[in-house]
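These notes concern the structure reproduced below.
In listed order, ligands and their atoms are each counted from 1. Worth saying up front: this structure is predicted, and the values here are computed from it rather than measured.
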Amino acid sequence: MADAAVPTGPRCIALVGPFQSGKTTLMEALLARTGAIARAGSIEAGTSIGDASAEARHHRIGVELSVATTTFMGDSYTFLDCPGSVEFAQEMRAVLPAVDAAVVVCEADEKKVPQLQLILRELEELRIPRFLFVNKIDKADGRLEDVLALLQPVSRAPLMLRQIPTRDGERVNGFVDLALERAFVYRDQAASDVVDLTEDLRQREQQARFAMLETLADHDDELMAQLLDDIPPPPDRVFGDLVRELREGLVCPVLLGAAQRSNGVLRLLKALRHEAPGVAATRARLGVDTAGDAVAYVMKTVHAGHGGKLSIARVLAGEIGDGTVLAGPDQPAGRVSGVLRLLGAGTEKQGIARAGDTVGLGRLDGARTGETLSSGKAPAAPVASLISPPPVLAMALSARERKDDVKLGQALHKLSDEDPSLTMAHSADSHDVVIRGQGEMHLRVAIARLENRFGVAVASRRPAVGYRETIRKAVVQKARHRKQSGGHGQFGDVVVEIKPLPPGSGFRFEDRITGGVVPRAYIPAVEEGIVEGLKQGPLGFPVVDVAAALIDGSYHAVDSSDMAFRTAGRMAVAEALPQCQPVLLEPIHEVEIVCPSDATARINAILSARRGQILGFDTREDWSGWDVVRAQLPEAEIGDLIVEIRSATGGVGSFTSRFDHMAELVGRAADQIVASRHAA
Ligand SMILES: Nc1nc2c(ncn2[C@@H]2O[C@H](COP(=O)(O)OP(=O)(O)O)[C@@H](O)[C@H]2O)c(=O)[nH]1
Ligand SMILES: [Mg+2]
């Protein structure tokens, strides 16, 4: 019947959804149901195919993408288990462009609705066909209609029930499929049994089916006419609409199940088989040209500790085998060495990858996540442009052993190649490497990977705040450096005027020598000495916004030298600064926080408690139910700001910040900073 429309060929399906909703468990059930594994492993026992890395096992949550390919009714299916935590959302974002469809795994939990909204939004923007899989139906205690009412506001497409639960007392024991009009009773770890529809059930089924048909009819006038005329619509029409409206993103069908018991899993597989598009439709969505060249999209990059690089890619057109030469948008990617079928951490050689396959490609040293590769002469049109979210947390790292310094740099380089939402930079103020990422767990996992995968143990600490100091008063200071030792002596003598400059001016040097009392040749050395002296002021920080003028001095025909004048310049500054009323400056950033509106008051309170000055708040453009709060906040208060924002917003709030200005800081707070600087 509907089988004529079933796309054949490999499918690629993302499993997404809030943290802990059961994605990894569902992937396990899908793999067991399709025979890729003998039986479902468990997260608790550390035997699942997904979350197989040391870091995921340790934390018992998904911290990276897991990929597994299986076969169902003769077709290949690759499932992508995407981490649910916002800190690892980049892993999901990178794969989505090239998937055929997504299964959004969720549960009836009000607290997770904001996270669901973020995920649905990504899918909606990329026009990815999506099913909602309401999981953990085995412990559902409320009515399904209430769950849907809770979730509907965060979905742009109508959530359309495809099944209704049946109950044995309070417990959900099966479901009625509203398209097939058939009732099923769940069995543990097995396919459901078909049972007769009782009269009572048939009435409920009719009602729910009518609601489904009405939703479909919103985009099918003929179906609408049939419903109005009470004509039973032909099954082909209903199945045809289910397929078309899913693919066009007009509806989001809702399926039920309990991944842990393998309930509803076969139904899900069948829905995917009949309704999810294949690679041809995905190519059309992405505008991929099929001129004959192979085109592949890189979903993830993995650097094994011992050097090999693996690019997990979806072949969108053509074929890729060992030896295929591929190029990215701006550089050669390399020659494929190894085409691998993936089952979590396990791999198996696969001779050739056909259009639609999702595989590991070995040794593409020039390929990056998010790139579209082509075997043709000209680069392929990119199917996606990945933008990494700005970092929200930083940590300073140093290798525990000096000999690992170089290795640390190299390993971090590989980690940020794998995950562009993790960046690294050498800090200007110290010898540390500063890593920046999406949250505490994100950075902690990066550190664990350094150790587990690259064998580099690191110490980590909060990065230093960029304090500075300046002066409030001008002083004229004389300094003479004179040394008589053995043969040549040293002689340099200067009079320097130091005075404050307006904020943001930095440093200015002026030569006001007349009559050659200090010869021209030595003046640059005096300036160098002054600059050195300003590197650390009396409070312990670099001194900014000062002018120094060389106004007088003297020299010695034999003993004067650059070195002597440099020393004199440095001495003059060191002696002058304490008399200039030094004052501490702290960096102030302008921050913009985005959050669901019901958290805005809490965010304001957090900002005030952190010495923030709130500049205003607004509704967030194009995000109904969200606000943007703008404020000025000291850099010292931004360090762990994200932790508090997340806990006030169910994990979904975030912020961006940029340096705005330096502000004077006095009193106890300043004294403490100076004291701890001197103690360090
Ligand atoms: N009761 C029940 N628990 C489930 C079900 N599916 C998953 N879980 C549990 O929910 C927790 C989170 O599952 P997991 O698959 O790791 O979620 P993920 O974070 O979405 O990958 C685990 O403790 C699972 O055992 C289900 O169908 N019913
Ligand atoms: Mg998981």
- Query: ligand 1 versus Asn135, non-hydrogen atoms closer than 4.0 Å: side chain, backbone, both, neither?
  - Reply: side chain
- Message: Would Thr423 and Ile435 count as a side chain to side chain contact (heavy atoms under 4.5 Å, CB included) here? Give the steps.
- Response: CA-CA 6 Å; Thr423 59; Ile435 59 171; over 6 Å; no
- Item | Exam field: side chain Lys112 to backbone Phe19, donor-acceptor pair closer than 3.5 Å | yes
- Considering only heavy atoms, which of Lys136, Lys23, Glu28, Glu107 lies nearest to atom 10 (O) of ligand 1? Lys136
- Message: Please compare Ala259, Pro83, Ser66, Gly264 and report which has the shortest non-hydrogen distance to atom 27 (O) of ligand 1.
- Response: Ala259
- Side chains of Gln207 and Arg204: is there a donor and an acceptor less than 3.5 Å apart? no
- For Ile43, the atoms of ligand 1 under 4.0 Å from one of its heavy atoms are 15 (O), 16 (O)
- Item | Number of protein N/O/S atoms that sit closer than 2.8 Å to the Mg ion (ligand 2) | 1
- Message: Let's go through His442 and Phe88 carefully: what are the C-alpha distance in whole Å and the side-chain angles of both, what is the deciding distance for ring-ring contact (aromatic ring centres under 6.0 Å, His included) to 0.1 Å, and is it a yes or a no?
- Response: CA-CA 7 Å; His442 188 218; Phe88 301 99; 5.6 Å; yes
- Query: Which ligand 1 atoms does Lys139 reach within 4.0 Å, using its non-hydrogen atoms?
  - Reply: 1 (N)
- Among all protein heavy atoms, pick out the one at the shortest distance from atom 25 (O) of ligand 1; state its residue, atom name and that distance to 0.1 Å. Gln260 NE2, 2.6 Å
- Query: Of all the atoms in ligand 1, which lie at a distance below 4.0 Å from a heavy atom belonging to Glu44?
  - Reply: 22 (C), 23 (O), 25 (O)
- Nearest to atom 1 (N) of ligand 1 by heavy atom, Asp81, Asp138, Thr25: which? Asp138
